[in-house]
Amino acid sequence: MGTSSNAQSRLLGTAIKPPGYRVSLIRPGHDHSASDVEVAAFLRRWWADALAKAAATGTGLSNLVKEQPARPTLKICDIKPNVFFDLCAQIVRVYSPAAGSGQAVLLLTDYTANQSLKDEIVAIDEHHLPIQRHMVMSCTLWDSHVSQVADLRTGQHIYLRNLRGKVDRDGFLEAMMHGERSDDAKKTSVFVLDAAEPADRATAANDRFKSNV
DNA sequence: GGTTACGGT
């Protein structure tokens with residue numbers, strides 16, 4: 001059938017997958033019948049047309065896709081173990097790594113409580129909102145991320161990319177920022193959102209922060 | 001980007 005070779009070339013253009021990830025290729029004359037190939041080609045056209053239509057009208061599929069990002073930005077109260085997420089939070093403490101080895105730890109809050117967090121109360125300072133129970137989350141940074149903590153200070157608001165929830169040894173929720181493969185992600189996973197807030201504006205900044213996250 | 005993710009007090 002005329003569309004077969006076209007469908008074949010498109011279907012063969014799959015991205016390289018990691019070891020152990022199996023991809024079933026649909027090719028005429030191999031494991032699949034001609035009708036299999038036609039069905040695949042039909043579905044592929046249907047999907048492409050649906051995407052094009054959605055993009056043209058501004059409704060439908062493309063918006064649906066946008067509403068479900070692969071990795072959400074979560075509040076601390078919504079973080080769960082083994083789930084990837086991005087985070088906006090304020091720095092409570094910075095624990096830099098000992099002499100260039102290992103990892104760094106940030107204590108973070110966004111003033112939402114998660115009962116799975118360790119029940120400790122750590123104040124930032126007298127200019128910031130009081131942090132209540134289960135509002136401080138430990139976040140461990142590994143590998144190249146560690147170098148990014150040098151510029152971080154208590155009280156700063158930051159945006160963190162690609163964290164993962166984890167249960168620590170004692171059963172409490174914490175967050176991990178593991179090493180990335182791409183050079184890009186290695187250097188851009190921690191973003192300081194604002195310059196240091198003057199003390200008299202700190203409470204307002206915290207309120208704004210709370211309503212935004 | 002992602003069927004991405006390990007490790008150490």
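To find a chain, count down the sequence lines: A is the first, B the second, and so on, and within it residues start at 1.
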> In a check of side chain to side chain contact (heavy atoms under 4.5 Å, CB included) between A:Met137 and each of A:Val92, A:Ile76, A:Asp110, A:Thr112, which one passes?
Replying inline: A:Ile76
> Atom CG of A:Asp184 and atom C1' of B:dG2: how far apart are they, to the nearest Å?
Replying inline: 14 Å
> Which residues satisfy the side chain to side chain contact (heavy atoms under 4.5 Å, CB included) test with A:Asp184, sequence neighbours excluded?
Replying inline: A:Ser182, A:Thr188
>> Side chains of A:Ser189 and A:Gln148 only: does a donor on one sit below 3.5 Å from an acceptor on the other?
In response: yes
> Whole Å only: how far is the NE2 atom of A:His145 from the P atom of B:dA5?
Replying inline: 13 Å
>> Let's test your reading of the model: under 3.5 Å, does the base of B:dG2 pair with the side chain of A:Arg181 as donor and acceptor?
In response: no
>> Could you tell me if the side chain of A:Leu160 sits less than 4.5 Å from the side chain of A:Cys139, heavy atoms only?
In response: yes
> If you take atom types as modelled and just measure distance, does the side chain of A:Thr140 reach the base of B:dG7 with a donor-acceptor pair under 3.5 Å?
Replying inline: no
> Where the side chain of A:Phe84 is concerned, which of B:dG7, B:dG8, B:dT4 is the nearest nucleotide?
Replying inline: B:dT4
> On a whole-Å scale, what distance lies between the P atoms belonging to B:dA5 and B:dT9?
Replying inline: 23 Å
> Closer to the 5' end of DNA chain B via nearest nucleotide, is it A:Trp142 or A:Ala185?
Replying inline: A:Ala185
>> Using OP1 and OP2 only, check whether a side-chain N or O of A:His178 sits under 4.0 Å from B:dC6.
In response: yes
> Which whole-number value in Å describes the distance from A:Leu141 CG to B:dA5 P?
Replying inline: 18 Å
>> Measure CG/A:Asp143 against P/B:dC6 and give the value in whole Å, please.
In response: 12 Å
>> Tell me the interatomic distance from A:Met177, atom CE, to B:dA5, atom P, rounded to whole angstroms.
In response: 16 Å
> Using a cut-off of 4.0 Å on non-hydrogen atoms, how would the nucleic acid contact of A:Met176 be classed: base, sugar-phosphate, or nothing?
Replying inline: base
>> Within residues 161-169 of chain A, which residues have any heavy atom lying less than 4.0 Å from an atom of DNA chain B?
In response: A:Arg161, A:Asn162, A:Arg164, A:Arg169
>> Going by side chain to side chain contact (heavy atoms under 4.5 Å, CB included), name the residues that satisfy it together with A:Thr73, two or more places apart in sequence or in a different chain.
In response: A:Asp86, A:Tyr159
> In whole angstrom, what separates A:Asp86's CG from B:dT4's P?
Replying inline: 16 Å
> Roughly how far apart, to the nearest Å, are B:dG2 and B:dC6 at atom C1'?
Replying inline: 16 Å
> Which of these passes side chain to side chain contact (heavy atoms under 4.5 Å, CB included) with A:Val190: A:Val149, A:Leu106, A:Leu141?
Replying inline: A:Leu141
> Does the pair A:Val94 and A:Arg153 meet the rule for a side chain to side chain contact (heavy atoms under 4.5 Å, CB included), with working shown?
Replying inline: CA-CA 7 Å; A:Val94 179; A:Arg153 300 288 179 268; 5.9 Å; no
> Once you round it to whole Å, what is the distance between P of B:dA5 and NZ of A:Lys186?
Replying inline: 15 Å
> How many Å lie between CG on A:Asp183 and P on B:dG1, as a whole number?
Replying inline: 15 Å
